[in-house]
Amino acid sequence: MIKIELKGGVVKEFEENITPAEIAKSIGMGLYKSVCAALIDGKVCDLRTPITEDTKVQLLTFDDEEGKKAFWHTTSHILAQAVKRLFPSAKFAIGPAIDNGFYYDFDVDTPFSAEDIEKIEAEMKNIVKSGIELERFELEPKKAIELLESMEEPYKVELASEHADKGEPISFYKQAEFTDLCAGPHLMSVSPVKAIKLTNCTGAYWRGDSKNHQLCRVYGISFPKASMLEEYLVMQEEALKRDHNKLGRELELFTTVDYIGQGLPIMLPKGARIIQLLQRFVEDVEQKNGWQLTKTPFMAKSDLYKISGHWGHYQDGMFVLGDEEKDEEVYALRPMTCPFQYQVFLNRGRSYRDLPMRLNETSTLFRNEASGEMHGLIRVRQFTISEGHLMCTPDQLEGEFRHCLELAIYFLKTLGLYEDVSYRFSQWDPDDREKYIGTEEQWDEAQGVMKRILDNLEIPYKIGIGEAAFYGPKLDIQIKNVFGKEDTLITIQVDQMLAERFGMEYVDKDGTKKNPYIIHRTSIGCYERTLALLIEKYAGAFPMWLAPIQVKILPIADRHFEYAEKIKNALEEKGMRVEVDDRSEKIGYKIREAQLTKVPYMIVVGDKDIENNTVSVRERKEGDIGAMSLEDFIARAVEEIETKVIK
RNA sequence: GCUGGAGUAGCUCAGUCGGUAGAGCAGCUGAUUCGUAAUCAGCAGGUCGCGUGUUCAAGUCACGUCUUCAGCUCCA
């Protein structure tokens with residue numbers, strides 16, 4: 001007998017080799033039916049894992065993150081089984097659970113059509129109805145590879161071969177006629193997968209490498225209850241209504257023009273206003289925090305980029321003007337500000353007394369992104385970033401890094417995005433040396449310094465191998481858009497290579513010359529992308545301090561225009577952005593239109609207001625909040641603007 | 001760049017088998033002067049993304065190209 005500690009510290013005795021599935025059954029059939037996986041001594045395990053010693057077991061259901069993953073992973077096997085039945089020649093690659101569902105990659109002659117997907121989904125539902133039990137078995141690596149070869153699954157053979165060296169047995173899962181190489185964990189049977197929806201079918205490269213063959217990836221999601229799927233689909237639909245690319249155009253913040261080109265949005269007056277407000281705010285705060293503004297050129301001769309390494313490592317991403325073969329001088333638009341801002345440091349000899357030197361710039365950059373990569377305002381070819389470079393001594397590095405991070409967090413909090421971000425420590429990939437400059441020792445040192453800083457600051461980060469810049473590791477502050485796709489909003493990077501390349505030195509206290517550490521950082525990221533995320537965050541209803549129009553005055557009849565103008569002037573005197581709707585329309589119509597533009601405040605004025613010397617205020621979310629004196633409204637509005645309150 | 005969608009009025013969309021393009025909203029004009037989410041009537045609006053081809057005839061078929069959406073790769 002062994003002792004197993006269950007939920008709530010309850011300890012029960014079981015026969016040796018009992019499995020989590022059997023434990024669940026012993027507690028109740030309801031739990032047995034809903035259990036998806038188990039944590040044994042804190043490790044995620046399959047329900048069929050025999051337990052051999054006293055330990056802690058936590059049973060995971062669909063409500064647990066890892067339970068969901070097992071549920072979705074099993075659904076991906078059902079998908080594969082259905083595909084095998086309908087398209088016997090399909091070859092199978094991988095089919096994991098992801099944050100929001102699952103996918104499976106297939107090698108097929110022609111990608112699945114919408115009709116194919118419908119048929120596959122119908123077959124999946126048949127499989128679920130049949131209630132097939134899943135069986136797990138293990139084979140020695142050699143036998144495993146033989147089996148996969150006999151199944152004519154070249155991708156699976158490749159995967160199994162990589163595991164073979166470890167000498168561990170390789171696990172498979174079998175459900176009726178379908179067997180798949182898989183580490184698990186999985187459900188006991190297909191039955192609990194009551195609601196399935198295949199959501200998308202796209203191309204995806206084998207092993208994520210664009211040099212490899214492109215496979216057909218089918219995405220889907222599943223739930224134990226039909227109502228949960230419905231709820232999910234409604235939520236998705238709601239989320240897509242916030243899509244900045246749609247809303248931003250509807251609210252007349254930006255547009256694009258075919259013959260201008262991809263990734264080159266036109267900021268319309270309202271969008272340009274918001275960006276202007278953000279820029280002024282950022283530049284002012286940076287100035288207060290000891291940053292010195294610079295203005296550097298948008299382009300340079302190729303010579304500059306050869307020193308920085310961009311020419312060798314980033315040329316595909318640059319807009320190059322001229323041809324090295326033919327022209328005496330070749331220029332390129334800048335993809336990054338670094339080598340330009342370094343010239344400020346290099347302007348004269350520097351000593352430790354000049355450090356830290358914090359240089360910021362509202363910097364327009366140009367990157368020749370591949371045509372399929374552009375997306376609304378999130379991924380564009382010309383963008384303006386709150387860029388900055390900070391030169392410091394080794395003992396200033398941690399404090400200055402903290403300063404940069406705190407500044408970024410201050411901006412995130414002010415904009416209301418702080419709760420939505422996650423951190424990624426982006427490191428180099430030692431197996432992909434061509435992508436990076438510097439030696440292994442330099443990378444180890446830079447990453448070691450950065451790790452120490454992050455750990456000291458207790459930043460909860462994920463590690464991203466191969467995500468570093470070509471010159472150094474980064475702390476990327478990540479955010480997801482309405483589609484769940486993650487992008488970098490803010491980045492803070494430690495660089496000890498470019499200073500050497502550019503001959504940047506300072507004279508230290510002891511009279512010796514040293515290369516400074518450089519921190520590359522942005523405080524709020526690039527304005528286009530940040531605006532995109534703000535549109536999605538607020539569904540276009542911006543905090544008042546950022547609203548392009550803050551107050552809309554709605555006179556009830558033409559005879560109230562004069563009073564409306566008077567109020568407008570009073571508000572404008574306080575620096576507010578105000579419009580009067582002086583069309584001969586009914587008040588309901590004017591309110592509807594004002595609401596649709598998401599203006600924070602509407603002021604309705606009519607006979608009563610003139611008589612009582614008041615304004616009738618309507619807030620965009622609360623609705624009519626009644627009549628008040630103009631002074632009271634101004635006090636309320638000014639307070640909201642100055643404190644940058646987010647409603 | 002790759003895979004798969006899409007492109008018809010400013011916007012949302014309809015357009016059957018290839019037979020000279022249609023609605024709602026927005027716009028303009030007029031009437032209405034109204035108290036918290038759509039007043040009524042009229043008018044105007046289109047080289048069907050662009051190009052080439054097939055055809056007596058192309059929004060519709062074929063090819064090319066541009067833009068755009070999702071995903072992959074890439075990335076602030």
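In what follows, chains are A, B, ... by sequence order, proteins preceding strands, each numbered from 1. These numbers were taken from a predicted model, which means no experiment stands behind them. For the numbers below, each heavy atom of this structure counts, side chains included, while hydrogens, waters and symmetry mates do not.
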| said: Under 3.5 Å, is there any donor-acceptor pair linking the side chain of A:R367 to the base of B:C75? | reply: no
| message | Measure CG/A:D609 against C1'/B:U33 and give the value in whole Å, please. | response | 16 Å
| request: Determine the contact category for A:A557: base if any of its heavy atoms lies under 4.0 Å from a base atom, sugar-phosphate if only primed atoms, P, OP1 or OP2 are that close, otherwise nothing. | output: base
| query | So which nucleotide does B:G10 pair with, by the Watson-Crick or G-U wobble rule with both distances under 3.5 Å? | reply | B:C25
| said: Over all strands shown, is A:Y589 touching base, sugar-phosphate only, or nothing at heavy-atom distances under 4.0 angstrom? | reply: sugar-phosphate
| said: Using 0.5 Å steps for rounding, measure from the CG atom of A:L571 to the CD1 atom of A:I603. | reply: 5.0 Å
| Given the P atoms of B:G5 and B:A57, what is the spacing between them in whole Å? | 30 Å
| note | When rounded to the nearest 0.5 Å, the distance separating SG of A:C526 from CZ of A:R379 is 10.5 Å
| Below 3.5 Å, does any donor atom in the side chain of A:R217 face an acceptor in the base of B:A70, or the other way round? | no
| note | Applying the 3.5 Å cut-off to both distances, the Watson-Crick or G-U partner of B:A44 turns out to be none
| task | Scan A:R529 against the nucleic acid and name what it touches under 4.0 Å (heavy atoms): base, sugar-phosphate only, or nothing. | result | base
| To the nearest Å, how far apart are A:Q236 CD and B:C69 P? | 18 Å
| said: Does B:G4 have its OP1 or OP2 closer than 4.0 Å to a side-chain nitrogen or oxygen of A:T202? | reply: no
| Which part of the nucleic acid, if any, lies within contact of A:R583, taking any heavy atom under 4.0 Å across all strands shown: a base, the sugar-phosphate backbone alone, or nothing? | sugar-phosphate
| message | By the 4.0 Å heavy-atom rule, please label A:K590 as base, sugar-phosphate, or nothing. | response | nothing
| task | Measure from CD1 on A:I524 to C1' on B:A76 and round the result to the nearest Å. | result | 12 Å
| task | Look at the side chain of A:R559 against the base of B:U33 and say whether a donor-acceptor pair falls under 3.5 Å; ignore hydrogens and angles. | result | no
| query | What integer number of Å spans the C1' atoms of B:G27 and B:U67? | reply | 26 Å
| said: Base, sugar-phosphate or nothing for A:C526? Non-hydrogen atoms, less than 4.0 Å. | reply: base
| request: Tell which nucleotide pairs with B:U3, taking only Watson-Crick or G-U wobble pairs whose two distances are both under 3.5 angstrom. | output: B:A70
| request: May I ask you to say whether A:D420 pairs ionically with A:K480, meaning some side-chain N is under 4.0 Å from a carboxylate O? | output: no
| A:Q595 vs B:U36: side-chain N/O to OP1/OP2 distance below 4.0 Å | no
| said: From CD of A:E373 over to C1' of B:A76, roughly how many Å is that when rounded to an integer? | reply: 13 Å
| task | May I ask you to check if A:R521 and A:W291 form a cation-pi contact, with NZ or CZ under 6.0 angstrom from the six-membered ring centre and within 45° of the axis? | result | yes
| query | Could you state the CZ-P distance from A:F470 to B:C74, rounded to the nearest angstrom? | reply | 17 Å
| task | State plainly whether the residues A:E361 and A:R334 are in salt-bridge range, i.e. N to O under 4.0 Å. | result | yes
| said: Distance check needed: B:A76 P versus A:L489 CG, whole Å only. | reply: 12 Å
| Would a 4.5 Å heavy-atom cut-off, applied to side chains only, mark A:P335 and A:H310 as touching? | yes
| note | residues 233-269 of chain A vs ring pair (Phe, Tyr, Trp, His ring centres under 6.0 Å), sequence neighbours excluded, gives A:H244-A:H375
| message | Heavy atoms from C-beta onward define the side chain here; which of B:C74, B:U39, B:G35 lies closest to that of A:V604? | response | B:G35
| message | My understanding is that only residues two or more places apart in sequence, or in another chain, count here; which of them pass side chain to side chain contact (heavy atoms under 4.5 Å, CB included) with A:D258? | response | none
| request: Give one of base, sugar-phosphate or nothing for A:V380, where a contact means two heavy atoms less than 4.0 Å apart. | output: base
| request: Whole angstrom is fine here: how far is it from CD in A:E585 over to P in B:C34? | output: 15 Å
| message | Just the rounded figure in Å: distance from P of B:C75 to CD of A:E387. | response | 16 Å
| request: Name the nucleic acid region contacted by A:H560, choosing base, sugar-phosphate or nothing; use a 4.0 angstrom heavy-atom cut-off, strictly under. | output: nothing
| request: Report the base-pairing partner of B:G35 (Watson-Crick or G-U wobble, both distances below 3.5 angstrom), or none. | output: none
| task | Identify whether any heavy atom of A:N200 sits under 4.0 Å from a base atom; if not, whether one sits that close to sugar-phosphate; answer base, sugar-phosphate or nothing. | result | sugar-phosphate
| field | A:D107/A:K91 ion pair, N-O < 4.0 Å | value | no
| said: Taking any heavy-atom pair under 4.0 Å as a contact, classify A:G606: base, sugar-phosphate, or nothing. | reply: base
| request: Select base, sugar-phosphate, or nothing to describe what A:E369 touches, counting heavy atoms under 4.0 Å on all strands. | output: base
| said: Using a 4.0 Å cut-off on heavy atoms, which residues in residues 474-488 of chain A reach RNA chain B? List them by number, or say none. | reply: A:K474, A:F483, A:K485, A:D487, A:T488
| message | Under 5.5 Å centre to centre and under 30° between planes: does that hold for A:Y219 and the six-membered base ring of B:G71? | response | no
| said: Suppose we call a contact any N or O donor and acceptor under 3.5 Å apart; does that hold for the side chain of A:Y205 and the base of B:G1? | reply: yes
| message | Against the six-membered ring of A:Y205, is A:K211 placed for a cation-pi contact (under 6.0 Å from the centre, within 45° of the normal)? | response | no
